[in-house]
2 protein chains.
Amino acid sequence: MEATTPNDTRNASREALLQAARELIVGRSYTSVGIAEICAQAGVRKGSLYHFFPGKEALTLAMLETLYADFEREVLIPGLAGANGLRARIDAFVHAIHAFEARMQTESGQLPGCPFGNLAVEMGTHNPTLRQAIRKHLDAVTAHFRSVLDEAVQDGELPPQTDTGAAAEQWLALMEGILVMAKADQDPATILRLGPALGALLLNPTPEVRHER
Amino acid sequence: MEATTPNDTRNASREALLQAARELIVGRSYTSVGIAEICAQAGVRKGSLYHFFPGKEALTLAMLETLYADFEREVLIPGLAGANGLRARIDAFVHAIHAFEARMQTESGQLPGCPFGNLAVEMGTHNPTLRQAIRKHLDAVTAHFRSVLDEAVQDGELPPQTDTGAAAEQWLALMEGILVMAKADQDPATILRLGPALGALLLNPTPEVRHER
DNA sequence: CTTGCACTTTACCGACCGGTCAACTAGTGT
DNA sequence: ACACTAGTTGACCGGTCGGTAAAGTGCAAG
C-alpha cells in the first residue's frame, strides 16, 4: 500500500497549501490573497508551492475541487436527503448555509458568502479558466437541486409537468442572491430573513411554463 | 452664473476621472483596475487625481454616487413607472437589465453583472466604507421596488396584507442572483431565461408571513 | 505688476505582486 | 557506495501597486 494510497505523509506540504488557500481565498478573495500569504499560513516556502502547482491559478483550481467535494459531502447530500418533504428539505438547506456563514463570521470575523459565486463575480470577466471551473461546480449544485425537485414531483408535491431543470436553476440563482445580500449586510440573519423566498419560489405552481421549444 | 452652475469647464479632469473609473471598474473590478490605468483612460496625470480625490477609495465612492443617480434616472424610474400592471413592470425591468448587460458585452467584450453587487461581493469582507456605501445604494433600489409593489397592492394585484418591504428585498436578492449566474455564464440569455422567476416569486400569495416580531 | 490659488506635471517612494532559479537535503533503489 | 529523484530552501527578478512631494503653469483679483 504505497502507490494505491492517495495521500501519504508525502504531500503534506501540498495538503497544507490547499488548506491555507481555501481558508484565505474563501475568507477574503482571490486577488486580495497573495502567494506569500498562502505560503506563510501553510508553513511552506514559496518555491515548494511551485513544485506542486504551476501557479496561483492552478492552486486555486485544485482548491475549488476539494472545496466542492467537501461541500457536497457535508452540506448538499446530508442537507437535501435528510428531511421529508420538499419544504423541509429547503429549510434544512437554508439553515445549513446559515450555520456555515455564521460559523465563518465568528471564526474569521467575516461573512464570506458563496465561495463559488464570489469567485464567479470576481474573476468571471477576466479569467476564463477559473470562470469555467466555477461554472462546472455551479452546475453540479444545480444537479443536486434538480434531483430533490424530481423526487418532489414523484411524491406528488409538485405538478408532474414541472420543469425541474429550470426550477433548480432558479433555486441556485435565488440562493446566490441571498448570499450576496447577506455579504453586503455582513449579517447571517439576512439568510434566515430571505430564506422563505425559496419556498415561495419553488412550491408554487409557476403558472407560466408555456416556454415550450 | 458662475458659482451656481455645478460643473463648468473647470472640473473637466474630475469628470473625466469619474467617467474613466466607472467604465473600468464596472467593466472589470475594483482591485483589477489601477490608478495608473484610470488616469491613462481619463487623459489625466496621476497627481491631478490626488488633487480632486483623497485616493482610490474616495474616487470609487464618488463614482458610485453618479452611477446610481444615472441608473435611477435611466432605468429604475422609466422602467418601473412605464408599463401598466405589476407583471408588465417586472418584465420591462428585466428587459432593461438585459439590454444593459448585452450592450456592455458587445461594447467591452464582457458581461459585467450588477456593478453594486459585484463591489459588495469583492469588497464586502474587507472594506467597510465601500460596503456601507453599496448597502445604501442597494437600499435605494429596494425602495423603488417597494413603491411598485405598494402600487400593486393598491390596485388589487396583490393581497392587502402583503409585506411589500420583504417582497422588495426578495426581488432585489433574486435579481442579484440572476446577474451572478449571467456573469458566470457570460451570456445575457441567462437573464431572460431566469427572469420569469421574478414573476413567480412576486405574483404569488406567499402563504407564510407569520414571521411577526 | 504682483500676489495668490487652483490645477497640472513629473519624478519618485516603499511595498508588494506572481514567478524563477540554482543550490541543497534526504530518502530510495541498485 | 552510488546515483537518482522528489522535495525544500532562500535569494532574486521585473513589474505594478497606491500614494507622495515639489516644482511649475496659467488665470484672476488686488
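Chain letters run A, B, ... following the sequence lines, proteins first, then strands; residues in each count from 1.
- Of the candidates C:dG18, C:dT8, C:dT9, the closest approach to any side-chain atom of B:R45 belongs to C:dT9.
- Nearest heavy-atom pair, B:M175 versus B:I97, reported as atom, atom and distance to 0.1 Å: CE-CG2, 3.8 Å.
- Residues A:T31 and B:V44 each lie close to DNA chain C; by heavy-atom proximity, the contact nearer the 5' end of the strand is made by B:V44.
- Along DNA chain D, the nucleotide nearest A:G43 and the nucleotide nearest B:G47 are compared for position; the residue whose nucleotide lies closer to the 5' end is A:G43.
- In this structure, CD of B:E37 is placed 15 Å from C1' of D:dG15, rounded to the nearest angstrom.
- In this structure, B:N11 reaches the C:dC7 phosphate: one of its side-chain N or O atoms is under 4.0 Å from OP1 or OP2.
- Between A:L49 atom CG and C:dC17 atom P the separation is 13 Å, expressed in whole Å.
- In this structure the side chain of A:E176 reaches within 4.5 angstrom of the side chain of B:M181, judged on heavy atoms.
- Look at OH on A:Y50: it is 21 Å from P on C:dA23, rounded to the nearest Å.
- One atom, CZ of A:F52, and another, P of D:dT9, lie 11 Å apart when rounded to the nearest Å.
- The base of D:dG10 has none of its N or O atoms less than 3.5 Å from a complementary donor or acceptor on the side chain of A:K46.
- The distance from atom CZ of B:R14 to atom P of C:dT8 is 12 Å, rounded to the nearest whole Å.
- Side-chain contact annotation: A:T31 with B:T31, donor-acceptor N/O pair under 3.5 Å present.
- Between the side chain of B:R193 and the backbone N or O of A:E169 there is no donor-acceptor pair closer than 3.5 Å.
- When the P atom of D:dT20 is taken as reference, atom CZ of B:F53 falls 16 Å away, rounded to whole Å.
- Counting non-hydrogen atoms under 4.0 angstrom, B:G34 reaches the backbone sugars and phosphates but no base.
- For B:A36, the listed nucleotide lying nearest its side chain is D:dC17; candidates were C:dT8, C:dG19, D:dC17.
- Within the 4.5 Å cutoff, the side chain of B:V148 has no heavy atoms near those of the B:I90 side chain.
- Rounded to a whole Å, the CD1 atom of B:I35 is 17 Å from the P atom of C:dT9.
- Which of C:dC7, C:dG18, D:dT8 sits closest to the side chain of A:H51 comes down to D:dT8.
- An OP1 or OP2 oxygen of C:dT8 is reached within less than 4.0 angstrom by a side-chain nitrogen or oxygen of B:S13.
- Picking from D:dT9, C:dT9, C:dC17 the nucleotide with the shortest atom distance to the side chain of A:S48 gives D:dT9.
- Evaluation of atom-type donor-acceptor distances gives no pair under 3.5 Å for the side chain of A:K56 against the base of C:dG19.
- Atom CG in B:L59 sits about 10 Å away from atom P in D:dG19, given to the nearest Å.
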